[in-house]
Structure formats: C-alpha cells, structure tokens
Engineer: 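Starting off with a structure, shown below.
Per chain, numbering begins at 1; letters A, B, ... match sequence-line order. Bear in mind that the values here come from a model prediction, so they are computed numbers and not experimental data.
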Number of protein chains: 2
Amino acid sequence: MTLSPPPHLTPRKKPRQARATVTLDAIFEATIQVLVSDGPRRLTTTRVAERAGVSVGTMYQYFPHKQALFYALNERYLDALAGEVEEACRAQHGAPIGRMVEALVTTYWAAKTERVEVTHALYRSVAEIDNEPLIEAFAQRVDAATTAMFASASDAAFADLSAVVLTLLTSIFGTVRSVFERHLPIAEADAVMRQLKLMCTAYLEAAKVQGKDAPVAA
Amino acid sequence: MTLSPPPHLTPRKKPRQARATVTLDAIFEATIQVLVSDGPRRLTTTRVAERAGVSVGTMYQYFPHKQALFYALNERYLDALAGEVEEACRAQHGAPIGRMVEALVTTYWAAKTERVEVTHALYRSVAEIDNEPLIEAFAQRVDAATTAMFASASDAAFADLSAVVLTLLTSIFGTVRSVFERHLPIAEADAVMRQLKLMCTAYLEAAKVQGKDAPVAA
DNA sequence: CCTCAAACTGAATGATCCTTCATATCCTGA
DNA sequence: TCAGGATATGAAGGATCATTCAGTTTGAGG
C-alpha cells in the first residue's frame, strides 16, 4: 500500500499518545458501524463522531475531510486483506494447483464472510471515493503473491502465467462480489463457491502446458 | 422488470403527450451525462435539469425525488440488458455448449463496452439506491433464459443445471465488473474475456453428465 | 509539581441542495 | 375556436451537513 498516496487524501497527523490511537480505532469502527446501519448516504461526520464517542473536531484532527476518512478505512481493509491472501499463497508454495485454487478461494471467501454486513457496507462505500490507487496497490500485491505461488506448482506450468493469474483473480474477486450483490442465501452462496473452485481448477487444467505435468523438471 | 415495484420509488406520472416523452428521454440522458462528468456525489437535481434543458420543477413532475430518478434509470438500463441477453440465448437454442458460452460472454461484454464511461458511471451510481429488487428481477430473467438455453444444448446435459447456470452467470457478470473496476487497458481486458470463455467452457465440460454427449437422446 | 504540546470540544458558520407551489404556457379534442 | 388538462417554470423555503476555531482538558517529561 505504498504506491502513490494522493496528497489531498492523506491523514493530517498520526497519533503520538496512547489515547489518540484508541480514538482513531474508535473512529474507524464507528465509521463501519454507521456505514452498516445507516448506509453511505446517511453517514455524516457528526453521526460518526457521536457513535465513536468523540467530538466532530477530533475527527478533523486526523482527517482533512470526510473522503479522507473513507479512503483510510478502505486502505486499512485492503491492506489486511492483501496480507491474508499473501500468507495463504506462501503456505501453498510447491503444492499442486488444485490445492492452490482451494486455498485462494477459501481464504478470500472466508475473509469476506467473516463480517458479512461490513463487507456489504464497504462494497457500497467504494463509490464514495476515488479508490483506484488502493485497488491498484491491492491488485499488485495479490498478483505478485499469486504468480509466485503458481510458478512453484508441483504439477503444472503455464505458457502465459501472468494472463492466467489475471484471469483467475479477476474472476474469483468478481464472482465473490456478485454473490454479495445478489444477496444469495448462505447455502446457495456456498454452493457457488464450491462450483467456483471446480471452475478454476478446470480452467487451469485447460490452460496449463500440455504433456507437462510439472514445471521445468518433474 | 415487473416484480415488486417499491411504492416510494415509482414515477409520478407517465408522459401522455409527445413533448413529455422527449423531456423524459432528455432527463435520462442528462442524468447519465452528469453521472459521467461529475460523478454520483455531485449529481444534483439542478445540474441534471440544466443539462437536460428543462427546469427542476419538470423533473419533479415525473419523479417524486432524486432516488426515484436513479431507480428508473437503472431499471431502463437493466431492462434493455436483460433483453439483449435473452435474445442471445434464444439465438443459440440447440447449439453446442461452446457456442453458448461464446455468445453469452460476447453479448454481455459488448453491451457493457458499448459506452464504457456510462457503464462505469452506472456501476458507481448503484450505491446511491437500494436496487436489490432490480437486480433480483434482472437475475430472474437472465437465469430463466440461460437455463432454457443450456437445457437445449446439443452436446451436453447437466445433473444440477440451475446450480451450473447460477455459477456461470455469477462469474461472468462478476468478472466483467472486476475488469471495469481495475480499469484494465482494452487489450488486457479483451485477453481476460478470451480466457473467461475458456474458463467457462472448461467448467461446463467438467460439470456435464459424463459419458453423455447429448441430453435425453442424441 | 509545573509546563507545554498533544488531544479534545462543540457551537457557529456558510454552503449546498432537495423539494414545493403559484403561475404560465402548450396541446388536444370537441 | 376554445376549454381544460397536460406540461413546464424557477424563485424561495427549509433542512442538512461539512468544516472551522477559539478555548479547554489531558498527559508526559523535566
């Protein structure tokens, strides 16, 4: 998350004392809660401050304006998410591609479903800000981690790995998002996730270098 | 698009004279343009009216409030989109599944890329309203059309067709959305679409009833 | 214990913008 | 040609909110 931090969206100051850190956390959590209960349109600075138990002025010590708050919130979230995916990728180093797909989908889905309403709220809040830089940074981290993982696969090699990874990730992330958007009941959502794994595996089998069951040397 | 029309979002009246129809179209087009140029946050009733060449009051003759305008806009859009998909499905009746996938992806992608900025703006504007009913209605139409199509496939049958269709559509729609969200250059986007077709085809091959190259009788 | 910066407060400001309604114009059918 | 409904106007009301800042409280280091 270190790429191109837009100047107008940067926090005003970082907490130096312990209570300031507490305050900041409270503000973030309050933002999420208001987002969940009132929706992005009715999220006002006053409401967030109220819910966080601080005054409006306090918020403005850390963020130059409302958008910066949204931005920082998404940054936090995406940063954590990227971290989880990276870890999952590392854990599957050298494994067969089937297990890799399994891990990728499961990890991402688990992260998104851990707090369903929050995920929903964040998906919706995204329209409030220009978060391209965040998406970009997130994508780069995850792309890199995933590419490294598949390059180490024990049972397959790919002619154009970067295209394969791009497709795989785009479809996994997109499918998850669509499942949320359709408000599918958990049972059906889980079913789709199972099918998604099947789909990704079938794709990789079809895309891998034929006649070569392992990369370089097996 | 006839399912459960929320009362508070219903248009106030329908045009009875020719000029009213013109006005309505102008309002919709203006909404899109403002959405594209100013973003959903800066879309105000005044701005839309101005761009449409009418007065604010006129807008309020057709829509009880701003949200109803958004709602109607999305309704129009999704209605047209569903129509295109339905037609594509009809055209592939009895074809092999490969062609079906090809048609599905191509049609949807073409519809979304016809006016890229508009698609973008609409994706972003969605957060402004509660459009679940619209999504729901859209999904039902497309689900039905797609299911009917695949049920007629000349070279495959599926044990759980509805699950397959749900997965297929969710991933296609989601992938397209993700591609837009990442602002991929056209070249890469097209590449992903080609891979997506491969992915879907591989999935269907893996999911079809084995040893049966055609449904019922071949 | 004292000092100073860090952190916090919240009423006031100013801007934006949705929505209404009294009025004016236009169109159509008789 | 004319009446009455359909359509259009846009200034003004009223509400909401983001943001500021002068002043207060808190905590850490000396």
Engineer: Once the angle between the rings of A:Phe63 and A:Phe28 is folded into 0 to 90°, is it parallel (under 30°), tilted (30 to 60°) or perpendicular (over 60°)?
Structural biologist: perpendicular
Engineer: Counting only heavy atoms and a strict 4.0 angstrom limit, can you tell me which residues of residues 32-53 of chain B come near DNA chain D?
Structural biologist: none
Engineer: Any sub-3.5 Å donor-acceptor pair from A:Arg47's side-chain atoms to A:Arg42's backbone N or O?
Structural biologist: yes
Engineer: Which label fits B:Phe158 and B:Phe150: parallel for a plane angle under 30°, tilted from 30 to 60°, or perpendicular past 60°?
Structural biologist: perpendicular
Engineer: Could you verify whether a donor N or O on one side chain and an acceptor N or O on the other, from A:Tyr203 and B:Gln195, lie under 3.5 Å apart?
Structural biologist: yes
Engineer: Measuring from the side chain of A:Tyr60 (C-beta onward, heavy atoms only), which nucleotide among D:dA8, C:dC8, D:dT19 has the closest atom?
Structural biologist: D:dT19
Engineer: Over how many whole Å does the gap from B:Gln61 atom CD to C:dC21 atom P extend?
Structural biologist: 13 Å
Engineer: Could you tell me whether A:Arg99 atom CZ has more than 12 heavy atoms of other residues or ligands within 6.0 Å of it?
Structural biologist: no
Engineer: Specify the angle, to 10°, made by the local axes at the two ends of the helix from C:dC1-D:dG30 to C:dA30-D:dT1 when five pairs are taken at each end.
Structural biologist: 20°
Engineer: Could you run down the sub-3.5 Å N/O contacts of the protein with nucleotides 4-6 of chain D?
Structural biologist:
from: D:dA6; atom 1: N3; to: B:Arg19; atom 2: NH2; distance (Å): 3.4

Engineer: Is the closest side-chain donor-acceptor distance between A:Arg51 and A:Ser37 under 3.5 Å?
Structural biologist: yes
Engineer: Please determine whether side chain to side chain contact (heavy atoms under 4.5 Å, CB included) holds for the pair A:Ile172 and A:Cys200, giving the CA-CA distance in whole Å, both sets of side-chain angles, and the decisive distance to 0.1 Å.
Structural biologist: CA-CA 8 Å; A:Ile172 292 177; A:Cys200 291; 4.0 Å; yes
Engineer: Quick one: do the A:Thr44 and A:Lys66 side chains pair a donor with an acceptor below 3.5 Å?
Structural biologist: no
Engineer: Kindly confirm or rule out a cation-pi arrangement of B:Lys13 over B:Tyr62, judged by NZ or CZ under 6.0 Å from the six-membered ring centre and within 45° of its axis?
Structural biologist: yes
Engineer: Need one value for B:Tyr62: base, sugar-phosphate or nothing, where a base atom within 4.0 Å counts as base even if backbone is also close, heavy atoms only.
Structural biologist: sugar-phosphate
Engineer: Rounded to whole angstroms, how far apart are CE on B:Met59 and C1' on C:dC17?
Structural biologist: 12 Å
Engineer: Using a heavy-atom cut-off of 4.0 Å across all strands, would you classify A:Val56 as base, sugar-phosphate, or nothing?
Structural biologist: base
Engineer: Can you tell me how far C1' of D:dT19 sits from CZ of A:Phe63, to the nearest Å?
Structural biologist: 15 Å
Engineer: Which heavy atom of A:Ala95 sits nearest a heavy atom of A:Met100, and at what distance?
Structural biologist: O-CE, 3.3 Å
Engineer: May I have the distance from A:His8 (atom NE2) to D:dT19 (atom P), rounded to whole angstrom?
Structural biologist: 13 Å
